[in-house]
**Q** 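Submitted below is the structure of interest, expressed as structure tokens.
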Amino acid sequence: MSRENKGKRPIALPVVLLLLVFSVTGNVLFSTKNIQHGQDKLEIKGRIIFQAVENSFNHAKYMAEWTASLQGETANSPDQARIKASTAAGFLPDADAFQELLSLAEEKNAADNQLTGSKESAAVYLSKAVDGLQQIGKGSGQLTEEEVQFIASLHKLYQAVYEKYDKFPFAAGAYSSSLIRFANGMEWIEVTAEVQKQLDSFMPQQ
């Protein structure tokens, strides 16, 4: 072998190693980007779920207080109670937040092959609540025993739902890790199942 050939270094191996490094780096970056994209999607989903839970909590709290006030007027101010009942029948379909929450639960349960018909529970309950309030609003004079019992049943439901949310970690909604947990069904599915039971048990006396 000549002295000239001995001085030359083969370039094939360094080039192959360099290409291998670029390939590995590219795959790592691509995988990292995909993981981040997946986490971003879960975080967005978790935020939607958290907002639905928070809306349902605020709705239950407001209606528990409102029905308590309505109960206080049934004996002393029956005309005012009927006006308030009629007004509530008008705004309740738009204000009700349970439908969205139970729809999300049904979507999650379907993805996990656990069909429960959650959304239907909200629709049936809302129909009963609106119909009962409308009937009270159409009446006159002192409320009947059945009407008083209906308002009591409505208050009992909202109070029970409100109390169920004591189990929910609302403070965790500020953290990305918690939103991802919500997207995976943790914490809120159990609470929502309890809410569904309350809605299913709403059987006002007619």
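Scope of the values below: all heavy atoms of this structure, side chains included, with no hydrogens, waters or symmetry mates.
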**Q** For Ala88 and Trp66, which heavy atoms make the closest approach, and how far apart are they?
**A** CB-CH2, 3.3 Å
**Q** Restricting to ring pair (Phe, Tyr, Trp, His ring centres under 6.0 Å), what partner residues turn up for Phe168, sequence neighbours left out?
**A** Phe170, Phe182
**Q** Do Leu133 and Leu154 come close enough that some side-chain heavy atom pair is under 4.5 Å?
**A** yes
**Q** OG/Ser178 to CH2/Trp188 distance, rounded to the nearest 0.5 angstrom?
**A** 15.0 Å
**Q** Which value, rounded to the nearest 0.5 Å, describes the distance between Leu70 atom CG and Ser77 atom OG?
**A** 10.5 Å
**Q** Please report the shortest heavy-atom distance between Asp79 and Gly141, naming the atom on each side.
**A** OD1-N, 4.0 Å
**Q** Work out which heavy atom in Ala81 is nearest to a heavy atom in Leu143; give both atom names and the distance.
**A** CB-CD1, 4.3 Å
**Q** Are Met63 and Leu92 side-chain neighbours, meaning at least one heavy-atom pair lies under 4.5 Å?
**A** yes
**Q** Looking at CD1 of Ile49 and CD of Glu187, how far apart are the two atoms once the value is rounded to the nearest 0.5 Å?
**A** 11.0 Å
**Q** Show, in sequence, the C-alpha distance, side-chain angles and deciding distance for Asn58 and Tyr62, and conclude whether the side chain to side chain contact (heavy atoms under 4.5 Å, CB included) test is met.
**A** CA-CA 6 Å; Asn58 290 333; Tyr62 172 80; over 6 Å; no
**Q** Any pair with a residue in residues 55-73 that passes salt bridge (charged side-chain N to carboxylate O under 4.0 Å, His left out), sequence neighbours left out, goes on the list, sorted by first then second residue, please.
**A** Glu73-Lys84
**Q** Which residue, Gln142, Arg82, Gln135, forms the side chain to side chain donor-acceptor pair (under 3.5 Å) with Glu147?
**A** Arg82
**Q** Let me confirm one number: the CD1-CD distance from Ile48 to Glu107, rounded to the nearest 0.5 Å.
**A** 9.0 Å
**Q** So, for Ala129 and Phe150, which heavy atoms are closest and what is the spacing to 0.1 Å?
**A** O-CZ, 3.6 Å
**Q** Begin with the C-alpha distance, continue with both residues' side-chain angles, and end with the deciding distance and a verdict on side chain to side chain contact (heavy atoms under 4.5 Å, CB included) for Val191 and Val53.
**A** CA-CA 9 Å; Val191 178; Val53 174; 5.8 Å; no
**Q** Are side-chain heavy atoms of Tyr125 and Asp200 found at a separation under 4.5 Å?
**A** no
**Q** Given the rule in the side chain to side chain contact (heavy atoms under 4.5 Å, CB included) test, do Phe98 and Ser121 qualify, once you have shown the distances and angles that lead to the verdict?
**A** CA-CA 9 Å; Phe98 299 144; Ser121 297; over 6 Å; no
**Q** For the side chain to side chain contact (heavy atoms under 4.5 Å, CB included) test, which of Leu104, Leu179, Ile180 pairs with Lys45?
**A** Leu104
**Q** Minimum heavy-atom separation for Ile136 to Ala85, with atom names?
**A** CG2-CB, 3.7 Å
**Q** For His155, check ring pair (Phe, Tyr, Trp, His ring centres under 6.0 Å) against everything at least two apart and list the hits.
**A** none
**Q** Which residues pass the side-chain hydrogen bond (donor to acceptor under 3.5 Å, both in side chains) test with Tyr162, not counting sequence neighbours?
**A** none
**Q** Where do Glu43 and Ser176 come nearest, in terms of heavy atoms and distance?
**A** OE2-OG, 3.1 Å
**Q** Between atom OG1 of Thr144 and atom CD of Gln149, what is the distance when rounded to the nearest 0.5 Å?
**A** 9.5 Å
**Q** Under 4.5 Å between any side-chain heavy atoms of Ser153 and Lys156, yes or no?
**A** no
**Q** Residues in side-chain hydrogen bond (donor to acceptor under 3.5 Å, both in side chains) with Asn55, at least two apart?
**A** Gln51
**Q** Quick check against the 3.5 Å criterion: does Ser86 have a side-chain atom that pairs as donor or acceptor with the backbone of Ile83?
**A** no
**Q** Under the salt bridge (Lys or Arg N to Asp or Glu O under 4.0 Å) rule, collect the residues that match up with Lys197, sequence neighbours excluded.
**A** Glu194
**Q** Does any part of the side chain of Thr192, heavy atoms only, come nearer than 4.5 Å to the side chain of Leu102, both counted from C-beta?
**A** yes
**Q** In Å and rounded to the nearest 0.5 Å, what is the CD to CD distance from Glu120 to Gln196?
**A** 9.5 Å
**Q** When you measure from the side chain of Ser127 to the backbone N and O of Ala123, does any donor-acceptor pair fall under 3.5 Å?
**A** no
